[in-house]
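The block underneath contains the structure these notes are about, expressed in structure tokens.
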Amino acid sequence: MADLASSRRGRGRCQCGATYVNRCKPANCLSCGKDLGGKFVARVKPSIPAAVRITDDVFSVKTTPTGADHRCFVQFSDTSKICLHESCLNRRNVHAAQGQLDNFSCSHIDHCSADVPLGELFFLTETKINSLPVETELKEELVSLKGRLSGRPSAVRISEKTYAVAADGGLGYIHLNSVYSKTGAFNCFEKSCKRAGGKHGKTTGAARLTCIHLICLVASVGPDGAPAEVVVPPPVPPNRAREMSTRVLVQKVTFPEHVQDLLKEGIRLEMLGPPGGSGWPDRFDASDTTCLACGTDLQNNRCQPGSDGSATLMTLCYPFWPVRATIRQCPNQLCGALHQCQPAEAGMPLFNICNQLFVSLELFVGWRMLMIEGTPLSCAITAQMRTLLLRTSAPHRPSPSRLEYIERLLANGFWAFEVLVQRDELSALCGFCGTCPEVLIGDGNEKNCCSSRQIRTTIPIAPEAEGHVDTTASATDATTASATDAATDSRLDDRIVTQILERAVFTRNMSSLEATAADIKPFVNIHVQASTLVNTESCKSTTISDEIEGDPDMLMELIKADKFSIRSVASYSEADLDGLCGACAISTTNRSNVMKRNSLQALYDSILHGHCPCHMFTKATGQTGGYYHLVCRHGVIYGSKILTKRESVRDAVDLYLSLKYPPILLVCDSPCGVARHLELRDSDLAKTLWGDRRGCYEKPTAGKAPSEDMNIPSIVPPDYWANSREKLTEDQAGAAHAHPVSKDSARFVVGDRFHDTTSPHKSPLCRYHNIDNCIQGSLYKTSYAESQNHIRNVKRLRSSCAQSFETHYLYNKFMDYYHNQTVVRRQVESLTNGSMGVVSRGAYQRFATFNV
């Protein structure tokens with residue numbers, strides 16, 4: 001029987017006849033040099049020494065011949081040979097029991113000799129220790145360690161991923177490595193340092209911040225003050241460097257918000273005939289000669305890695321039209337940026353997606369309009385593609401699988417286009433309220449949520465850590481924590497933009513993003529933002545019961561009268577506890593003192609964490625907490641935030657404190673809870689805003705009904721002013737929390753009529769928050785926020801409830817902006833009789849003059 005010929009399965013062939021293995025496809029043919037489009041690069045394994053000398057008699061030895069750099073210590077001298085590997089110690093124990101220690105040896109000891117070279121040595125210095133941004137106790141411990149070393153090195157470089165670091169016990173050193181880290185972060189495997197560790201016992205979280213071994217490595221090796229995460233990071237992988245550099249180039253491409261001129265150019269090109277003539281081009285070649293990221297001279301045009309250069313032009317008149325596209329790649333290995341053709345830079349209304357699709361901006365603008373009206377983006381894209389297929393000839397018509405792939409690319413490209421659009425925040429700011437609205441209405445919406453799979457759960461920040469344990473201790477708002485949060489928030493924005501853009505540049509970048517509650521900043525127009533965006537979402541507690549015994553209003557009365565202090569609750573006598581519980585409507589029957597203290601503590605915690613017994617908030621299992629926003633009386637959203645946990649009054653207070661000029665009148669569904677929480681969270685600010693009124697029109701008094709015909713002229717909107725009033729300057733308004741319109745710092749927190757009617761409040765004192773207790777209250781409608789939530793639900797529930805977190809984030813951010821812009825456009829039309837005349841803004845960005 002004749003021998004069968006060998007199969008070519010798994011192999012490719014160049015035109016010159018040379019063959020290659022498909023899984024190791026090279027960039028160029030090894031025989032003729034033709035561009036094959038592969039990206040295989042033979043990986044050079046780092047050199048890992050089998051043994052390294054730490055001191056005269058201490059060695060670090062590799063325990064495995066291949067694979068990860070796992071090591072053990074060996075003490076090797078003329079009088080002692082001890083290997084600290086667990087299996088070797090067990091064998092040594094057996095030899096010792098038989099009196100044969102002189103004959104004991106192991107493979108690790110065999111690697112040790114006087115010829116083994118010393119590793120790279122590092123020493124602790126007082127300058128390095130003093131420059132570390134750590135607590136004084138840790139610095140003192142490092143100074144003590146430096147003294148105990150007596151001239152020995154504090155750290156020794158063994159290999160790229162492994163160091164020996166000085167420690168107490170054993171031979172005086174331990175190994176730190178980054179074997180299991182994708183970011184280059186070094187991990188400590190000592191039992192005392194890995195209690196907070198996860199997989200492989202890695203040091204993470206709070207343990208990393210206090211691990212003396214990691215801090216010793218930072219002080220010895222890393223730059224002064226560097227955190228443990230950046231100690232001696234390995235070189236950036238070539239692929240990641242390429243992605244980072246290419247994204248920087250793409251971010252330089254921006255689009256104006258109004259693209260009328262570009263769309264007109266697109267219509268002109270459509271009318272000039274098929275691509276390749278005088279209309280649309282049929283080739284899209286990168287033309288840059290030097291790298292815009294690092295300045296290196298670029299090489300000749302080539303296909304994008306993983307592509308044969310074929311691409312598709314997608315316009316209304318010429319859909320699915322085959323074209324060619326090439327790139328130029330930076331030869332600098334530390335950069336590697338891919339320079340793609342960006343037609344928009346040449347005034348051509350096309351958007352480049354992964355160098356495979358060149359899409360008309362007219363399609364993106366149309367899908368944006370459909371999204372604003374509530375059409376799901378995926379449905380808009382699918383319907384558009386099905387329609388374009390009807391006018392596509394058979395040679396250009398894609399297969400079903402190719403069409404599905406194109407639709408996915410179009411969705412990624414749409415969001416990338418949206419993040420690159422330059423928006424005018426002033427066009428989305430209410431022209432009648434400006435930067436200082438008189439009234440804002442707040443409401444939450446638990447239905448506007450997404451899956452919580454991408455939200456990392458964190459332990460709620462304890463009240464002590466938040467800095468407001470007791471009003472008697474001049475407790476302040478979580479502004480310190482919020483400032484840190486705000487810095488993290490901007491990084492979250494960057495991370496989302498990075499991921500969206502990378503999906504529009506690299507077809508295989510489909511990684512998901514994770515965030516914590518503290519990462520997600522509120523959405524507030526830049527013109528009305530306070531100096532710090534407040535976000536205390538991470539301070540919410542998920543363990544507080546809906547049914548908290550006691551009256552929180554009465555507890556706040558005791559706190560303000562200095563009759564109760566949470567710091568002293570452990571020292572109260574039984575008589576004191578009975579009196580406090582009785583005043584707060586907490587039962588004391590058949591209860592021990594411990595139970596009474598726990599009840600008072602639970603009632604106090606419910607106020608601090610934002611729980612309000614007058615309104616029950618809900619959250620769907622496996623979903624985020626929803627969405628909360630503040631709306632002015634004209635329907636413009638002034639602030640909103642995505643909730644990762646169940647809604648609470650913290651959300652209203654966070655947005656309230658994020659505004660440069662908080663409104664004179666805040667309308668919400670839990671006014672009593674908002675006022676109590678702010679008084680406990682920042683007693684000084686609450687005292688400035690409403691003194692002892694607790695946000696009401698008058699001071700709430702137990703046993704006394706509220707007045708129903710009070711006169712509060714400061715809340716009258718400008719529409720009903722009898723005469724013009726001068727407003728305060730910005731310096732005057734900012735000096736004493738004074739509102740520019742009312743000219744004083746008095747603020748009010750009242751309830752909306754819908755919830756006051758359907759969900760009666762629990763405490764008699766809550767009736768003081770009724771908006772209609774004031775004769776001017778009838779001037780305001782209180783259902784704006786509820787109406788906006790209904791509209792958003794109608795649109796979004798039609799859209800999708802299965803949004804990823806990044807899509808949910810961008811969807812709400814852009815929908816807020818486009819909704820506000822629509823309202824402001826109608827305001828301009830109302831002033832100019834529908835002619836969209838010129839309207840100028842004056843003080844505090846309010847409409848001042850207009851002409852038709």
Side-chain angles (χ1 to χ4, degrees), residues 371 415 418-419 428 440 442-458 460 478 481-482 485-497 499-500 512-526 529 532-540 542 610 617-631 637-659 668 785 788-793 795-797 799-820:
M371 184 186 71
W415 289 115
E418 286 292 330
V419 300
L440 289 179
D443 189 41
N445 180 11
E446 73 278 2
K447 296 179 182 178
N448 188 355
C449 59
C450 70
S451 172
S452 59
R453 287 179 298 178
Q454 294 174 251
I455 306 297
R456 296 197 306 271
T457 56
T458 56
S482 303
D485 291 346
T488 306
D489 297 337
S490 61
R491 290 197 296 271
L492 176 65
D493 274 348
D494 292 341
R495 285 160 51 200
I496 291 178
V497 170
Q499 186 177 69
I500 294 298
S512 61
L513 177 142
E514 288 187 347
T516 63
D519 293 339
I520 308 169
K521 71 176 181 181
F523 302 134
V524 181
N525 191 301
I526 190 173
Q529 286 181 10
T532 300
L533 287 178
V534 180
N535 174 26
T536 61
E537 186 78 8
S538 58
C539 300
K540 287 182 181 178
T542 58
F617 301 108
T618 59
K619 173 184 173 297
T621 304
Q623 303 292 310
T624 55
Y627 164 88
Y628 193 94
H629 63 183
L630 295 180
V631 182
I637 300 172
Y638 267 72
S640 62
K641 61 179 294 191
I642 293 174
L643 314 181
T644 60
K645 302 178 182 179
R646 187 172 63 171
E647 180 187 345
S648 78
V649 298
R650 270 188 177 275
D651 305 316
V653 175
D654 283 354
L655 291 176
Y656 187 78
L657 298 178
S658 296
L659 298 175
C668 59
Q788 291 301 332
N789 274 334
H790 173 71
I791 293 173
R792 182 69 60 87
N793 279 343
K795 292 181 177 181
R796 188 181 178 282
L797 292 180
S799 172
S800 172
C801 284
Q803 293 175 334
S804 63
F805 170 73
E806 54 268 30
T807 302
H808 180 70
Y809 182 93
L810 293 177
Y811 175 85
N812 281 286
K813 180 179 181 179
F814 294 148
M815 285 294 282
D816 283 358
Y817 175 82
Y818 292 131
H819 163 79
N820 290 347

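What you are looking at is a predicted structure, and each value in this text was computed from that prediction instead of being measured.
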**Q.** Closest contact, heavy atoms only, Gln529 versus Val524
**A.** NE2-O, 2.9 Å
Q.
Keeping Asn535 on the side-chain end and Ile520 on the backbone end, is there a donor-acceptor pair under 3.5 Å?
A. yes
Q. Can you name the nearest heavy-atom pair linking Thr624 to Ser451, along with the distance?
A. CG2-O, 4.1 Å
Q: Kindly state whether the ring of Phe814 and the ring of Phe523 have centres lying under 6.0 angstrom apart.
A: no
Q: Could you verify whether a donor N or O on one side chain and an acceptor N or O on the other, from Asn820 and Tyr638, lie under 3.5 Å apart?
A: no
Q: List the steps, then state whether side chain to side chain contact (heavy atoms under 4.5 Å, CB included) holds for Phe805 with Ile496.
A: CA-CA 10 Å; Phe805 170 73; Ile496 291 178; 4.3 Å; yes
Q: Calculate, to the nearest 0.5 Å, the distance between atoms CG and OH belonging to Asn525 and Tyr817 respectively.
A: 9.0 Å
Q. At what distance, to the nearest 0.5 angstrom, does OG of Ser640 lie from CG of Asn448?
A. 9.5 Å
Q: Indicate yes or no: at least one non-hydrogen side-chain atom of Glu537 is less than 4.5 angstrom from one of Arg650.
A: no
Q: Heavy atoms only: give me the nearest Ile642-Tyr809 pair and the separation to one decimal.
A: CD1-CA, 3.7 Å
Q | No-hydrogen, no-angle side-chain donor-acceptor test under 3.5 Å, Glu446 and Gln623 | A | no
Q: First locate atom SG of Cys539, then atom NZ of Lys645, and finally report the distance between them rounded to the nearest 0.5 Å.
A: 8.0 Å
Q | Non-hydrogen side-chain atoms of Asp651 and Lys540 separated by less than 4.5 Å | A | yes
Q: List the atom of Ser658, the atom of Pro522, and the distance in Å for their closest heavy-atom pair.
A: OG-CG, 4.4 Å
**Q.** Interatomic distance, Ser648 atom OG to Asp654 atom CG [nearest 0.5 angstrom]
**A.** 8.0 Å
**Q.** Approximate separation, where rounding is to 0.5 Å, of Lys813 NZ and His808 NE2
**A.** 14.0 Å
Q) Would you call Leu513 and Leu492 a side-chain contact if the rule is heavy atoms closer than 4.5 Å? A) yes
Q.
Let's go through Lys619 and Leu643 carefully: what are the C-alpha distance in whole Å and the side-chain angles of both, what is the deciding distance for side chain to side chain contact (heavy atoms under 4.5 Å, CB included) to 0.1 Å, and is it a yes or a no?
A. CA-CA 10 Å; Lys619 173 184 173 297; Leu643 314 181; over 6 Å; no
Q. Which pair of heavy atoms, one from Leu533 and one from Lys521, lies closest together, and at what distance?
A. CD1-CD, 4.1 Å
Q: Would you name the heavy atoms of Thr807 and Trp415 that are closest together and state the gap between them?
A: CG2-CZ2, 3.8 Å
Q. What's the spacing between Asp443 CG and Tyr628 OH if we round to 0.5 Å?
A. 6.5 Å
Q. Can you name the residues that form a salt bridge (charged side-chain N to carboxylate O under 4.0 Å, His left out) with Glu418, not counting sequence neighbours?
A. Arg368, Arg423
Q: For residues Tyr627 and Asp816, determine if any side-chain heavy atom of one lies less than 4.5 Å from a side-chain heavy atom of the other.
A: yes
Q | Pair Leu659-Leu440, side chain to side chain contact (heavy atoms under 4.5 Å, CB included): steps then yes or no | A | CA-CA 11 Å; Leu659 298 175; Leu440 289 179; 3.4 Å; yes
